[in-house]
There are 2 protein chains.
Amino acid sequence: MNEIENITVGAVLKQIRKSKKMSQEELAHRSSLDRTYISMLERNIKQPTITTIFLLSEALGLKPSEFVNLLEDEFVGYTIKRTTV
Amino acid sequence: MNEIENITVGAVLKQIRKSKKMSQEELAHRSSLDRTYISMLERNIKQPTITTIFLLSEALGLKPSEFVNLLEDEFVGYTIKRTTV
DNA sequence: GTAAACCACGTACTATGGTCTACAAATGTT
DNA sequence: AACATTTGTAGACCATAGTACGTGGTTTAC
């Protein structure tokens, strides 16, 4: 079984944002988040809280559960192993 | 429009956990999270990251998107206002 | 009653979410 | 080429996610 430490949103976030032809700066403005933070999310350096998921989804025009559903598809077959046990 | 600062998972989390007749400690063990942290989530003192949502959903036997869908239903009509603008 | 399970709650601590400023490196446009 | 737009990246900073310890209070069962 494949193991990962965290759920990362970079691929999904970038894909949706590009499909909406939106820049990081525009997404940052619409979600009232920082542009450099959006960049970090897309490069999988940070992971968002549930509130940030809601903000991003709203700004991208889809439901948070739809966003999360795309994450599920990406991480099918993976289990999360906690490093700090 | 009703405004909130954060998405809180307390009500949904507690409801699902109780419906599965699971204690906080058992949920903590299954999700490899701390029991007192589960307690804080249920009392809306902390908000989880997306990884924690996945861990909790897995432990509770539902899909993360289903968990988030329940949150959506709870927060229909609410907008998130950022305090730290 | 008393034991045992469950949970609220406090405090202290480490790790990381998220902001902000600034600059470099791509990428696109003409 | 030159210019504008977009994105990567670093470093400092504050707020909070998450752990770990304890204590006390409530419920359920014997």
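Residue numbers begin at 1 in each chain, while the letters A, B, ... track the order of the sequences.
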Give the nucleotide from the list [options] with an atom nearest to the side chain of [X].
{"X": "B:Asp34", "options": "D:dG18, D:dA20, C:dC7", "answer": "D:dA20"}
{"X": "B:Pro48", "options": "C:dG17, C:dT19, D:dG18", "answer": "D:dG18"}
{"X": "A:Leu33", "options": "D:dT7, C:dT19, D:dT19", "answer": "C:dT19"}

In this structure, how many angstroms lie between the [atom2] atom of [N] and the [atom1] atom of [X], rounded?
{"X": "B:Leu41", "N": "C:dC7", "atom1": "CG", "atom2": "C1'", "value": "14 Å"}
{"X": "A:Ile50", "N": "D:dG18", "atom1": "CD1", "atom2": "P", "value": "11 Å"}
{"X": "B:Glu26", "N": "C:dC7", "atom1": "CD", "atom2": "C1'", "value": "15 Å"}
{"X": "B:Lys46", "N": "D:dT19", "atom1": "NZ", "atom2": "C1'", "value": "10 Å"}
{"X": "B:Leu56", "N": "D:dG18", "atom1": "CG", "atom2": "P", "value": "9 Å"}
{"X": "B:His29", "N": "D:dA20", "atom1": "NE2", "atom2": "C1'", "value": "16 Å"}
{"X": "A:Tyr37", "N": "C:dA22", "atom1": "OH", "atom2": "P", "value": "23 Å"}
{"X": "A:Asn6", "N": "D:dG18", "atom1": "CG", "atom2": "P", "value": "9 Å"}

Identify the pairs formed between an N or O of the protein and an N or O of nucleotides 8-10 of chain D at a distance under 3.5 Å, and give each distance.
residue, atom, partner, partner atom, Å
D:dG8, OP2, A:Gln24, NE2, 2.8
D:dG8, OP2, A:Ser39, OG, 2.9
D:dG8, O6, A:Arg35, NH2, 2.7
D:dT9, OP2, A:Arg43, NH1, 2.9

**OP:** Ignoring backbone atoms, test whether B:Thr52 places a side-chain nitrogen or oxygen under 4.0 Å from the OP1 or OP2 oxygen of D:dG18.
**Re:** yes
Original post:
Any side-chain N or O of B:Gln47 under 4.0 Å from OP1/OP2 of D:dA17?
Top reply: yes
**OP:** Go through B:Ser39 and B:Arg43 one step at a time and tell me if the side chain to side chain donor-acceptor pair (under 3.5 Å) criterion holds.
**Re:** CA-CA 6 Å; B:Ser39 173; B:Arg43 285 176 289 137; 3.0 Å; yes
**OP:** Applying side chain to side chain donor-acceptor pair (under 3.5 Å) between A:Glu42 and each of A:Lys14, A:Gln24, A:Gln15, report the one that passes.
**Re:** A:Gln24
**OP:** Before giving the answer on side chain to side chain contact (heavy atoms under 4.5 Å, CB included), spell out for A:Lys46 and A:Tyr37 the whole-Å C-alpha distance, their side-chain angles and the decisive distance to 0.1 Å.
**Re:** CA-CA 8 Å; A:Lys46 304 263 181 166; A:Tyr37 178 57; 3.8 Å; yes
Original post:
Do you know which two heavy atoms are closest between A:Gly10 and A:Asn44, and how far apart they sit?
Top reply: N-OD1, 2.9 Å
Taking only residues two or more places apart in sequence, or in another chain, which ones meet [X] in a side-chain hydrogen bond (donor to acceptor under 3.5 Å, both in side chains)?
{"X": "B:Asn69", "answer": "none"}
{"X": "B:Thr8", "answer": "none"}
{"X": "B:Glu72", "answer": "A:Ser65"}

Original post:
Mind checking what makes side-chain contact (heavy atoms from CB on, under 4.5 Å) contact with A:Glu58, not counting sequence neighbours?
Top reply: none
**OP:** Report the C-alpha separation of B:Ile80 and A:Thr51 in whole Å, then their side-chain angles, then the decisive distance to 0.1 Å, and conclude whether the side chain to side chain contact (heavy atoms under 4.5 Å, CB included) test is met.
**Re:** CA-CA 8 Å; B:Ile80 305 172; A:Thr51 297; 4.0 Å; yes
Original post:
Taking five pairs at each end of the helix from C:dG1-D:dC30 to C:dT30-D:dA1, what angle separates the two helix axes (nearest 10°)?
Top reply: 50°
